Amino acid sequence: MTPNDTENAARAYEPAAAEGAPASAPEAATADSIATLEAEKLDLKDKLLRTLADMENLRRRTEREVADARTYAVTNFARDMLNAADNVRRALESVPAEARETAEGALKALVDGIELTERDLLKTLERHGVKRVDPQGQRFDPNLHQAMFEVPNPDVTSGTVVQVVQSGYVIGERVLRPALVGVAKGGPKAEAKPAEA
């Protein structure tokens, strides 16, 4: 036997011994790496689903904010225009009803012009989402009305608006300006609405 033969025999023996005894070690290492990869995959899937949900929520919130911006963008301008609408209404109310009916010539043209201006102003405000609230005869709603005084009236249900001092306005679903009203008191109590089942 030559020295090379003994080295070759030793080399041939080592792989055989390595393959036989610790054969389960590579399988265990493979199982551990598969479990690690599975856990990492589940973690990444969870992060992906959360990111997708966050992006969907962000998209919906942005759409809602854009819609609100469109609806309520003119709020400050509309609030300023309400003073002009009030002044036009006061101008019409300053002319007595009998003078308005018997008016001729320039006075009739002036009154008609002011009425036309008021109608046009209110139509323009409505086109931009601003609507007048006229609560005469309705139940007092603190979300839409501001009570200025109470009127003793035994014939009208308590809590009913009997006088409107100043019209209110809403823009979209928000109150732009509450209606200033006088509310009846001393009359019969309002019937409670039956609870819905």
Side-chain angles (χ1 to χ4, degrees), residues 55-193 196:
M55 292 307 294
E56 181 64 20
N57 289 339
L58 177 64
R59 183 187 64 78
R60 286 184 188 149
R61 187 171 47 250
T62 303
E63 284 177 357
R64 189 172 46 247
E65 287 173 358
V66 167
D68 282 353
R70 281 191 194 118
T71 302
Y72 303 114
V74 296
T75 299
N76 289 334
F77 177 72
R79 194 172 284 126
D80 291 341
M81 291 307 297
L82 297 183
N83 292 331
D86 290 341
N87 289 335
V88 170
R89 171 70 4 216
R90 285 185 198 104
L92 286 172
E93 290 173 353
S94 69
V95 178
E98 56 224 30
R100 196 180 305 176
E101 292 171 7
T102 61
E104 293 181 11
L107 180 60
K108 180 160 179 50
L110 178 67
V111 170
D112 289 346
I114 293 173
E115 286 175 345
L116 181 63
T117 302
E118 181 185 39
R119 277 195 307 268
D120 192 39
L121 178 60
L122 292 176
K123 268 195 233 175
T124 302
L125 287 172
E126 279 190 32
R127 196 169 42 243
H128 293 282
V130 179
K131 295 179 184 157
R132 188 192 324 211
V133 176
D134 189 17
Q136 184 73 34
Q138 296 178 358
R139 180 106 178 108
F140 176 75
D141 181 357
N143 297 316
L144 297 173
H145 314 137
Q146 181 176 347
M148 300 302 293
F149 51 87
E150 290 183 331
V151 178
N153 189 340
D155 301 330
V156 179
T157 305
S158 288
T160 302
V161 174
V162 291
Q163 186 177 351
V164 178
V165 177
Q166 185 179 51
S167 294
Y169 289 86
V170 293
I171 182 168
E173 296 178 3
R174 296 180 188 170
V175 174
L176 190 59
R177 181 179 77 190
L180 304 180
V181 298
V183 181
K185 81 169 194 176
K189 299 281 183 201
E191 294 181 20
K193 293 182 181 178
E196 294 182 17

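The first residue in the sequence is number 1, and the count goes up from there. In this text, all values refer to a predicted model and were calculated from it rather than measured experimentally. Worth knowing before you read on, the calculation uses all heavy atoms, side chains too, and leaves out hydrogens, waters and symmetry mates.
Applying the side chain to side chain contact (heavy atoms under 4.5 Å, CB included) rule to Val156 yields the partners Asn153, Thr160, Val162, Ala184; only residues at least two apart in sequence or on another chain are considered. For Asp155, the side chain to side chain donor-acceptor pair (under 3.5 Å) criterion is met by no residue, not counting sequence neighbours. Taking the side chain to side chain contact (heavy atoms under 4.5 Å, CB included) definition, one finds that Thr102 meets it with nothing, sequence neighbours left out. Contacts of Ala99 classified as side chain to side chain contact (heavy atoms under 4.5 Å, CB included), with partners at least two apart in sequence or in another chain: Val95, Pro96. Applying the salt bridge (charged side-chain N to carboxylate O under 4.0 Å, His left out) criterion to Glu63, with sequence neighbours excluded, gives Arg59. In this view, Phe140 and His145 satisfy the ring pair (Phe, Tyr, Trp, His ring centres under 6.0 Å) rule, not counting sequence neighbours. Partners of Lys185 by side chain to side chain contact (heavy atoms under 4.5 Å, CB included), not counting sequence neighbours, listed by chain and number: Glu150. Residues that satisfy the salt bridge (charged side-chain N to carboxylate O under 4.0 Å, His left out) test with Asp112, not counting sequence neighbours, are Lys108. Listed by chain and number, the residues in a side chain to side chain donor-acceptor pair (under 3.5 Å) with Arg89 are Glu118 (sequence neighbours excluded).
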Listing, residues 70-88 side-chain donor-acceptor contacts under 3.5 Å, not counting sequence neighbours, or none:
{"from": "Thr71", "atom 1": "OG1", "to": "Ala67", "atom 2": "O", "distance (Å)": "3.0"}
{"from": "Tyr72", "atom 1": "OH", "to": "Glu173", "atom 2": "N", "distance (Å)": "3.3"}
{"from": "Thr75", "atom 1": "OG1", "to": "Tyr72", "atom 2": "O", "distance (Å)": "2.7"}
{"from": "Asp86", "atom 1": "OD1", "to": "Arg177", "atom 2": "NH2", "distance (Å)": "3.1"}
{"from": "Asp86", "atom 1": "OD2", "to": "Gln166", "atom 2": "NE2", "distance (Å)": "3.2"}
{"from": "Asp86", "atom 1": "OD2", "to": "Arg177", "atom 2": "NH1", "distance (Å)": "2.6"}
{"from": "Asp86", "atom 1": "OD2", "to": "Arg177", "atom 2": "NH2", "distance (Å)": "3.2"}
{"from": "Asn87", "atom 1": "OD1", "to": "Arg90", "atom 2": "NH1", "distance (Å)": "2.8"}
{"from": "Asn87", "atom 1": "ND2", "to": "Asn83", "atom 2": "O", "distance (Å)": "3.3"}

Tell me which donor-acceptor pairs under 3.5 Å the side chains of residues 119-127 have, and how far apart each pair is, sequence neighbours excluded?
{"from": "Thr124", "atom 1": "OG1", "to": "Asp120", "atom 2": "O", "distance (Å)": "2.8"}

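Between the side chain of Arg139 and the backbone N or O of Ser158 there is at least one donor-acceptor pair closer than 3.5 Å.
Under the 4.5 Å side-chain criterion, counting only non-hydrogen atoms from C-beta, Pro135 is not in contact with Leu144.
For Glu93, the CD atom is densely surrounded, since the number of other residues' heavy atoms within 6.0 Å is greater than 12.
Among residues at least two apart or in separate chains, there is no ring pair (Phe, Tyr, Trp, His ring centres under 6.0 Å) pair with a member in residues 104-130.
Summarising the geometry, atom CG belonging to Leu110 is positioned 11.0 Å from atom CZ belonging to Arg100; distances are rounded to the nearest 0.5 Å.
Heavy-atom minimum distance, Val175 versus Pro178: CG1-N, 3.6 Å.
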